[in-house]
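These notes concern the structure reproduced below.
Please read all numbers here as calculations on a predicted model, not as lab measurements. Read the numbers this way: they start at 1 and go in the same order the structure lists the ligands and their atoms.
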Amino acid sequence: MKPEDLVRPEILALKAYPVPAAEGMVKLDAMENPYTLPEELRRELAAVLARVDVNRYPTPTPQKLIDALARRMNVPRGMRLLLGNGSDELIQIAITALARPGAVAMYPAPTFVMYQMSATFAGMKPVAVPLREDFSFDADAFIARMKAEKPALVFIAYPNNPTGVLYPEEDVAKVIRACPGLVVVDEAYHAFAGKSFMPRLPEFSNLIIIRTVSKLGLAGIRLGYMVGRPEWVEQFDKVRPPYNVSGLTQAAALFMLDKLEVLEAQAARIRADRAGLGTALAALKGVTVFPSEANFILVRVPDADAAFQSLKEQKVLIKNLHPGLRNCLRVTVGTPDENRILLTALREAL
Ligand SMILES: Cc1ncc(COP(=O)(O)O)c(C=O)c1O
């Protein structure tokens with residue numbers, strides 16, 4: 001017997017999410033915060049983690065952490081939170097709960113690949129609606145397509161990955177109002193955008209927000225959170241594996257929420273450096289820069305495969321999106337030193 005005889009054809013057709021080796025590289029491929037925690041905080045965190053009873057299962061619903069998140073992230077009154085092993089898991093949970101036979105998951109594309117992958121895993125029909133050439137959002141075209149497809153679930157990355165574009169707030173609101181299903185606004189990059197649907201959550205009965213602490217500087221702990229009306233979150237909670245957020249993650253997150261200003265200052269630094277990096281990239285011959293509200297920048301170059309390869313040889317790792325996004329590369333904003341290395345290497349590569 002071979003796997004091909006038993007594994008579902010749509011899974012056989014997929015490729016595993018690619019994570020390239022990064023040892024010894026200047027790592028600008030995964031939208032991580034390039035700054036580590038200050039030494040003093042690391043020591044305090046170590047002491048906090050040392051007190052976690054790792055012989056016990058973690059608390060399935062850690063109320064203290066949930067309350068702290070609600071407070072620090074300005075979650076409107078009456079909304080409920082659900083924690084996930086990264087927001088990846090929350091995407092999967094929402095899809096699993098709504099994957100009735102034949103149900104549609106819809107999203108503007110190109111976007112975060114896990115919407116399509118998770119929908120496929122669960123047997124939902126993924127429907128990608130193309131963005132305009134400049135990666136802006138055609139809300140009317142999207143709404144027209146929603147009328148035809150009647151999606152159970154719509155994903156809007158706000159701002160979008162891999163383009164960095166933040167769609168106009170009223171366009172997203174229009175989509176939420178017109179949607180016959182549930183809309184998940186994915187705010188993975190909210191720390192760099194300064195815009196959020198969080199305050200408007202009570203306005204819509206079909207809106208869920210998901211966020212992550214990954215891009216804020218805690219990618220290693222794997223924590224995402226979903227916020228929505230209790231009646232929605234109650235259903236999603238049934239799908240969640242009981243101990244999905246480890247005790248070490250819970251303790252680290254609670255500790256760091258108390259020191260959020262350190263991460264917020266790092267995010268502000270990254271935002272400021274994004275502007276300088278964007279200007280410097282745009283000054284390179286043949287490079288087109290797309291405006292970004294996230295912690296990465298999308299660029300178009302004359303030959304993305306060649307540029308990517310040359311950067312790799314120069315020990316700089318970025319994301320090559322070609323041919324899906326014709327001749328596009330995505331670079332994460334790094335430290336000033338890393339950004340300088342990138343610019344020098346790219347100059348050489350072009
Ligand atoms: C739009 C978007 N949503 C969600 C995620 C997943 O983040 P995590 O699983 O680290 O919380 C990413 C990661 O790149 C992303 O770009």
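A side-chain donor from one of Ser136 and Asp134 sits under 3.5 Å from a side-chain acceptor of the other. In summary, the side chains of Thr344 and Glu348 do not present any donor paired with an acceptor at a separation below 3.5 Å, with no hydrogens or angles considered. Residues Glu187 and Ser196 have side chains that bring a donor and an acceptor to within less than 3.5 angstrom of each other.
Salt-bridge check for Arg340 with Asp337: passed, with a basic side-chain N closer than 4.0 Å to an acidic carboxylate O. Remark: Glu293 does not engage Lys195 in a salt bridge, criterion side-chain N to carboxylate O under 4.0 Å. Ionic pairing of Arg177 and Glu170 is present here: one or more N-O contacts between side-chain nitrogen and carboxylate oxygen are shorter than 4.0 angstrom.
Residue Met31 has at least one heavy-atom neighbour below 4.0 Å for each of these atoms of ligand 1: 14 (O). Under a 4.0 Å criterion applied to the non-hydrogen atoms of Gly86, ligand 1 contributes the atoms 9 (O), 11 (O). Atoms of ligand 1 found under 4.0 Å from any heavy atom of Ser214 (numbered from 1 in listed order, with element): 8 (P), 10 (O), 11 (O).
Heavy atoms of Lys215 come nearer than 4.0 angstrom to ligand 1 in at least one pair. Using a non-hydrogen distance threshold of 4.0 Å, Arg222 registers as a contact of ligand 1.
In this structure, the protein non-hydrogen atom closest to atom 12 (C) of ligand 1 is Phe112 CZ, 3.4 Å. For atom 7 (O) of ligand 1, the closest heavy atom belonging to the protein is Ser87 OG, 3.2 Å. Regarding atom 1 (C) of ligand 1, its nearest protein heavy-atom neighbour is Asp186 OD2, 3.4 Å.
By the criterion of a heavy-atom distance under 4.0 Å, the side chain of Ala188, and not its backbone, is placed next to ligand 1. At a heavy-atom cutoff of 4.0 Å, ligand 1 is contacted by both the backbone and the side chain of Asp88.
Taking the six-membered ring where the residue is Trp, Tyr57 and Tyr243 present parallel rings, their angle staying beneath 30° rather than reaching 60°.
Taking each of Tyr115, Tyr225, Tyr189 in turn, the one with a heavy atom nearest to atom 16 (O) of ligand 1 proves to be Tyr189.
Screening Tyr107, Phe112, Tyr115 against Phe155 for a ring-ring contact (aromatic ring centres under 6.0 Å, His included) leaves a single residue, Tyr115.
At least one N or O atom of Thr212, backbone or side chain, sits closer than 3.5 Å to an N or O atom of ligand 1.
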